[in-house]
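Here's the structure we're looking at; comments come further down.
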Amino acid sequence: MSRKKIHLFILLFAFAACSWILLNNYLIKADKPLVNVCLFRMVTGIPCPSCGTTHALISIVRGNFRTAFYENILGFPAAVMLLVFPVWIICDLLFKRESFYRFYRNVESFLRKRWVAWTALGLLLLIWGWNLYRYFS
Amino acid sequence: MFLMMNSKYFEGHQVPFIRERLLQLDESKYMYLQTAGFKDPTTSLIVSLIGGHFGIDRFMIGDTGIGVAKLLTCGGLGVWTIIDWFLIMGRTREINFERLQQVLM
């Protein structure tokens, strides 16, 4: 993908994610039921690896890191990415640099290495297993 | 011959351009073309239907960054998964074209 497309995609994505978190935060505050949007959960009844990330992100925003840790650990990398990437892109656009694009490309090629991909998959399965264990116990 | 066998990997409007470039191509580069490893759009559609929720389709065609985003958000809150069922074939052809251009350069 071209640099422009990646920038636009990540900015829109971050905007959508923040809107989603704010909406859910409002729903939790108003004691209204949350919407289940996970197709995997709807079909199988089992939560997918990233189910609970919204709750974890809301807990992080409120400062309850411990709760977030038990809701879904993946909330932490997601929060860091949501905070850092848009700011980085805007700085790049302001100062006409390409540092984020180069970083994105490097990460992509790093993740394509076989051992990295397998390790990431193993970690993800481990996190999923732990989440499922807590969900069913 | 190459086009006859591989035209399904590319968009229809790209085929005349590819033909032009192939005609000008050096014989020695044909070997590289055979090993370029193009992805089949139909396979990516099937993968998208089955594993699109986890971003496996995006990982498969080489959009690793987007795959991670899709994986971390329950397939883009379920909406993105469905949108990708329609977009993934076009994107696969686009990536094949980019790969071909890298070989031809």
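We use all heavy atoms of the structure for the numbers below, so side chains are in, but hydrogens, waters and symmetry mates are not. Chain letters run A, B, ... following the sequence lines, proteins first and then strands; every chain starts at 1.
Between A/Phe9 and B/Trp80, the angle of the ring planes lies from 30° to 60°, which puts this pair in the tilted group.
Smallest separation of non-hydrogen atoms from B/His53 and A/Leu39: CE1-N, 3.6 Å.
Proximity to chain A (any heavy atom under 4.5 Å) is shown, for B/Val79, by neither the backbone nor the side chain. At a 4.5 Å heavy-atom cutoff, B/Phe59 makes no contact with chain A through either its backbone or its side chain. In this structure, the portion of A/Leu124 lying under 4.5 Å from any heavy atom of chain B is its side chain and not its backbone. Looking at A/Met42, there are no atoms closer than 4.5 Å to chain B (heavy atoms on both sides), in backbone or side chain. Interface remark: A/Tyr104 contributes side-chain atoms only to the contact with chain B (heavy atom separation under 4.5 Å).
No path of Ile, Leu, Val, Met, Phe, Trp and Tyr side chains, each step under 4.5 Å between heavy atoms, connects B/Ile50 with B/Ile61, placing them in separate hydrophobic clusters. A single hydrophobic cluster is seen to contain both B/Leu72 and A/Val80, as judged by linkage of ILVMFWY side chains at heavy-atom distances under 4.5 Å, directly or through other members. Residues B/Ile83 and B/Ile88 fall into different hydrophobic clusters, defined by Ile, Leu, Val, Met, Phe, Trp and Tyr side chains chained together at heavy-atom separations under 4.5 Å. Cluster membership for A/Val87 and A/Phe85, using ILVMFWY side-chain heavy atoms within less than 4.5 angstrom, is not shared. When hydrophobic clusters are built by joining Ile, Leu, Val, Met, Phe, Trp and Tyr residues whose side-chain heavy atoms come closer than 4.5 Å, directly or via intermediates, A/Leu132 is not grouped with A/Leu126.
Annotation: A/Phe15, atom CZ; neighbour count of heavy atoms from other residues, nucleotides and ligands within 6.0 Å does not exceed 12. Open room surrounds CZ on B/Phe86; 12 or fewer heavy atoms of other groups in view lie less than 6.0 Å from it. More than 12 heavy-atom neighbours from other residues, nucleotides or ligands sit within 6.0 angstrom of NE2 on A/His7.
One finds the OG atom of A/Ser50 at 12.0 Å from the NZ atom of B/Lys70 (value rounded to the nearest 0.5 Å). Going from atom CD1 of B/Ile66 over to atom CZ of A/Phe13 covers 10.0 Å, rounded to the nearest 0.5 Å. A distance of 8.0 Å separates SG in A/Cys48 from CG in B/Leu71, rounded to the nearest 0.5 Å.
For the pair B/Cys74/A/Arg41, no side-chain contact is recorded, criterion being any heavy-atom separation below 4.5 Å from C-beta on.
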Could you walk me through whether B/Glu94 and A/Lys5 pass salt bridge (Lys or Arg N to Asp or Glu O under 4.0 Å), step by step? CA-CA 14 Å; B/Glu94 211 175 287; A/Lys5 267 189 185 172; 3.7 Å; yes

Go through it in stages, so that I can follow the logic: the residues are B/Thr73 and A/Thr53, the test is side chain to side chain contact (heavy atoms under 4.5 Å, CB included), and I'd like the CA-CA distance, side-chain angles, deciding distance and then a yes or no. CA-CA 8 Å; B/Thr73 53; A/Thr53 312; over 6 Å; no

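Listed for the A/Arg112 side chain is a donor-acceptor partner under 3.5 Å among the backbone atoms of B/Gly62.
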